[in-house]
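Everything quoted here is computed from the prediction, not taken from an experiment.
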Amino acid sequence: MHDTPDTPGAATRPDRTSADAASEEAARPRPRPMIAADASANGPTSHAVALLLCAAGLAASLACGLRHPNGIVHFDDLTHYLYARWAWTWPAYLLDDWGRPGFTAAYFLPARLGWDACRALSAVLSSAAAFFAYLVASNLGLRRAWAVIPLAYLQPLYFQLSQTTLTETPTAFYLVLAVWLAQRSHWTASAAVVSLTFVTRHEAVVLLPVWLAAARQAKVPLRWLWPIAWAPVVVNLLAPFADMRPAVAQFLDPTRAGQYGRGGWLTFLSRSLEAWGPAVAILALIGLVEAGHGSGEQEKGGGKAGTNRGANRLVTLSIVVYFAAQTVVRAMGLYDSGGYARFLVPLSPLIAVAALAGWNRLISAEPAERQRALILIALAMLLLWAAMERQLVLHAARADEAAEVPELHKAVFAMRVVTAVVVGLAILLAAIPTGRDSLRKGTGSRERGTGDSRTGSEGSGADDGAASGVSALLRQGRAGLSAPSAGAARRESGVGAGLLRLAMPAALVALMGLAAYALCGPLKPPPEDRLIAEARKRLADVGLGDRDVLSANVWIDYVTGRAQPPWRRPVREQLRTAAIGTLFAWERQFAGSLDHGIALDDLAKDPGMRLVLVTPALPYQTSPYLTIFEKVADWPKEVRDAAVSNHAPRP
């Protein structure tokens, strides 16, 4: 499709016939774009490499997922799968607000085949999302667009969630697909796809104004975006007919029971270390800062990047607005959000695009570009370190969790060491005069200001024509501080200078590798799985293995094969009306939570309950994990008023 002045998204290019006008336009400083000028740098070879990398990522996800078929990130993984499976018996689950219709409908068919089939779908969606991220980067004109794929898979939680069944994975796929469709000027299709994100993650509704603003900038008539509301409209209109709470009610009731605590304004910066990894987070921050200095498009670049300005801004705007929404919700304690790091995974494919933009700045042939990137690396690393330290303070005050990583104390120590190394290295490299730049200054080269070279190759002057005033001041200041001779400059531009240029990229690659080594392995079953299995065996040994087992724990429902209808009563009420002889498995995380409000004393001190089994504690805990009772008489003797919600906390 070729854009014309009548096509929405077409760039307006005034026809300059005067030589003076052309010279004035060439000399005019333009803001620094996030993208490279050469949109043709990603050809068939790049496509082939991208496909191979996606296939490798898919194979790795499937292999790790099969290694431990019951591996999870949270118990929510299993709950979402069970809702999709139970929808075959009770179709109302397709509209369940907790289960998220955008997830349940997508996983409905594979759920019939079992959890492994659903996990395989997550792996496929993750691979497809990575490929569409590559296409987005290619349309933006980013060099080495294929590198977006490893930059996505090296994000710890993106890889982990590709092995399991959580809502963030389909949301990431819907979002990057919608961005790509907008880039291709398929705005109606883009609106229809992004609408699915609204019913897959509630907070994704903040993307609605982002799409409207981008379409307006692309001069797309708003009537073309009519499908953008289709998914929430359908879900909310049908929910009452299925006796379900409409999802819109969630937004009108920002309850704050406080069971998950609340974070601070830097919480999700700290969470980004866990979700994206330090190196990818740093590079993405560089890419976003550079995009903030520029227009995010190449008006005269002549490539794909200049054909749809509004769509190209979707990458930056989606990241910033979605991240800000998560920050506000957690800092203000709204909607009882858990504030988990995995909430950032929907952005992972776009974060990989921004990280590649930052990477290209870091390895640019232009010294000023590299120096600016080094300064930004130092600042970004310090910001992430400060966010981590602040989160540790909140954790110590029991206001929020620090991070869900194994052996947290080792991760904290490693982060402090990495901060010192990366910041020190960045400052050292930024302070070293660069021979090539000095040589150009010393020989009177003036190509930077003219913008005559527009070949689109890195270091050829394409980026120079778009250099900002800040970068120009940096170059002038460095030239004034140090002006070595031409001979010295030539020596500095040899092997030693080349090694110095590789120092920071090598450090960041090593940091990505370390994060992947520590956090990107196969998911494992929760430690509760072993204790529950042992408890079932012990119950069988004492002749209670055939009894019905009630609990508030979805894992117990799963292993016992207990299916729950969507209109089931709260667990307390189920236990009150259960038959004599029913077993109840109490644990603190769910039964003892505010959602269910069943205290251990309510069972232990009531003559209607008989203690039959106590399990060992979970790792790093002292209290028994399960306390199992047999109902031997009516319970409770006195029905207490309790404001309890449904069976499970919201993710």
Item to check | Among Asn139, Val315, Val353, side chain to side chain contact (heavy atoms under 4.5 Å, CB included) partner for Val179 | outcome: Val315
Checklist entry - Between the main-chain N or O of Thr165 and the side-chain N or O of His80, is there a donor-acceptor pair closer than 3.5 Å? => result no
Next on the checklist: The test is side-chain contact (heavy atoms from CB on, under 4.5 Å); show your working for Leu157 and Leu344 and say whether it passes.
Outcome noted: CA-CA 9 Å; Leu157 285 186; Leu344 295 178; over 6 Å; no
Checklist entry - Leu62 and Ala123: which non-hydrogen atoms are nearest, and at how many Å? => result CD2-CB, 3.8 Å
Next on the checklist: Return the CG to CG distance between Leu314 and Leu207, rounded to the nearest 0.5 Å.
Outcome noted: 9.0 Å
Item to check | Test log, rule side-chain contact (heavy atoms from CB on, under 4.5 Å), inputs Val73 and Leu166 | outcome: CA-CA 9 Å; Val73 175; Leu166 284 166; 4.1 Å; yes
Checklist outcome for this item: Which of Ile351, Val280, Val148 passes side chain to side chain contact (heavy atoms under 4.5 Å, CB included) with Leu356? Answer is Val148
Checklist outcome for this item: In short, Asp116 meets Pro69 closest at the heavy-atom pair OD1-CB, 3.8 Å
Item to check | CG on Leu519 to CG on Leu514, rounded to 0.5 Å | outcome: 10.5 Å
Checklist outcome for this item: Rounded to the nearest 0.5 angstrom, the CG-CG distance for Leu140 and Leu135 is 11.0 Å
Checklist entry - Regarding Gln163 and Arg119, is there a side-chain donor-to-acceptor distance under 3.5 Å anywhere? => result no
Checklist entry - Should the pair Phe323 and Phe268 be assigned to parallel (<30°), tilted (30 to 60°) or perpendicular (>60°) ring geometry? => result perpendicular
Checklist entry - Quick one: does Leu181's side chain get under 4.5 Å of Trp187's, heavy atoms only? => result no
Checklist entry - Going through the distances and angles, do Trp146 and Ser138 end up as a side-chain contact (heavy atoms from CB on, under 4.5 Å)? => result CA-CA 8 Å; Trp146 54 264; Ser138 185; over 6 Å; no
Next on the checklist: Parallel, tilted or perpendicular, judged at 30° and 60°: which one describes the rings of Phe159 and Tyr153?
Outcome noted: perpendicular
Checklist outcome for this item: Rounded to the nearest 0.5 Å, the CG atom of Leu52 sits from the NE2 atom of His47 at a distance of 13.0 Å
Checklist entry - Mind checking whether His202 and Tyr335 have ring centres under 6.0 Å apart? => result no
Checklist entry - Between the main-chain N or O of Cys54 and the side-chain N or O of Ser127, is there a donor-acceptor pair closer than 3.5 Å? => result yes
Item to check | Shortest non-hydrogen contact from Leu161 toward Thr169 | outcome: O-OG1, 3.2 Å
Item to check | Parallel, tilted or perpendicular, as decided by the 30° and 60° cut-offs, for the rings of Phe103 and Tyr107 | outcome: parallel
Next on the checklist: Please determine whether a side-chain nitrogen of the Lys or Arg among Arg372 and Glu290 lies less than 4.0 Å from a carboxylate oxygen of the Asp or Glu.
Outcome noted: yes
Checklist entry - Among side-chain atoms of His74 and Glu404, is any donor-acceptor pair under 3.5 angstrom? => result yes
Checklist entry - Any side-chain heavy atom of Leu78 within less than 4.5 Å of one from Asn70? => result no
Checklist entry - Without hydrogens or angle criteria, can the side chains of Ser126 and Ser162 be said to hold a donor-acceptor pair below 3.5 Å? => result no
Next on the checklist: For Asn360, is there any backbone N or O sitting under 3.5 Å from a side-chain donor or acceptor partner on Ser364?
Outcome noted: no
Checklist entry - Is any side-chain heavy atom of Gln160 closer than 4.5 Å to a side-chain heavy atom of Arg342? => result no
Checklist entry - Among side-chain atoms of Ser348 and Gln155, is any donor-acceptor pair under 3.5 angstrom? => result yes
Next on the checklist: Donor-acceptor check, side chain of Arg370 to backbone of Ala365, threshold 3.5 angstrom: yes or no?
Outcome noted: yes
Next on the checklist: Testing the basics here: between Leu154 and Cys520, what is the closest heavy-atom pair and its distance to 0.1 Å?
Outcome noted: O-SG, 4.3 Å
Checklist entry - When you look at CD of Glu203, are more than 12 heavy atoms from neighbouring residues, nucleotides or ligands closer to it than 6.0 Å? => result yes
Checklist entry - Between Gln391 and Leu266, is any pair of side-chain heavy atoms under 4.5 Å apart? => result no
Checklist entry - Less than 4.5 Å apart, any side-chain heavy atom of Trp276 and any of Leu283? => result no
Item to check | Polar contact flag, side-chain donor to acceptor under 3.5 angstrom, Trp265-Thr327 | outcome: no
Checklist entry - Side chains of Leu384 and Ser272: closer than 4.5 Å at any heavy-atom pair? => result yes
Item to check | Student check: side-chain heavy atoms of Cys118 and Thr164 closer than 4.5 Å | outcome: no
Checklist entry - Relative to the ring of Phe132, is the ring of Trp180 parallel (under 30°), tilted (30 to 60°) or perpendicular (over 60°)? => result tilted
Checklist entry - Quick check: does any side chain N or O of Thr419 sit under 3.5 Å from a backbone N or O of Met415, one acting as donor and the other as acceptor? => result yes
Checklist entry - Can you list the steps and then say if Val194 with Ile228 is a side-chain contact (heavy atoms from CB on, under 4.5 Å)? => result CA-CA 7 Å; Val194 81; Ile228 202 165; 3.8 Å; yes
Next on the checklist: Testing the 3.5 Å rule here: is there a donor-acceptor pair between the side chains of Arg201 and Thr167?
Outcome noted: yes
Item to check | Residue Trp115 excluded, over 12 heavy atoms near CH2 under 6.0 Å | outcome: yes
Item to check | Minimum heavy-atom distance Phe108-Ala84, with the two atoms named | outcome: CD1-O, 3.8 Å
Checklist entry - Does any non-hydrogen side-chain atom of Leu508 lie less than 4.5 Å from one of Leu362? => result yes
Checklist entry - What are the two closest non-hydrogen atoms of Thr200 and Arg100, and how far apart are they? => result O-CG, 3.3 Å
Checklist entry - If you round to the nearest 0.5 Å, how far is CG of Leu273 from CD1 of Ile282? => result 8.5 Å
Checklist outcome for this item: Rounded to the nearest 0.5 angstrom, the CZ-CD1 distance for Arg361 and Ile377 is 13.0 Å
Next on the checklist: Taking Arg271 first and then Asp400, would you say they form a salt bridge - that is, a charged N and a carboxylate O separated by under 4.0 Å?
Outcome noted: yes
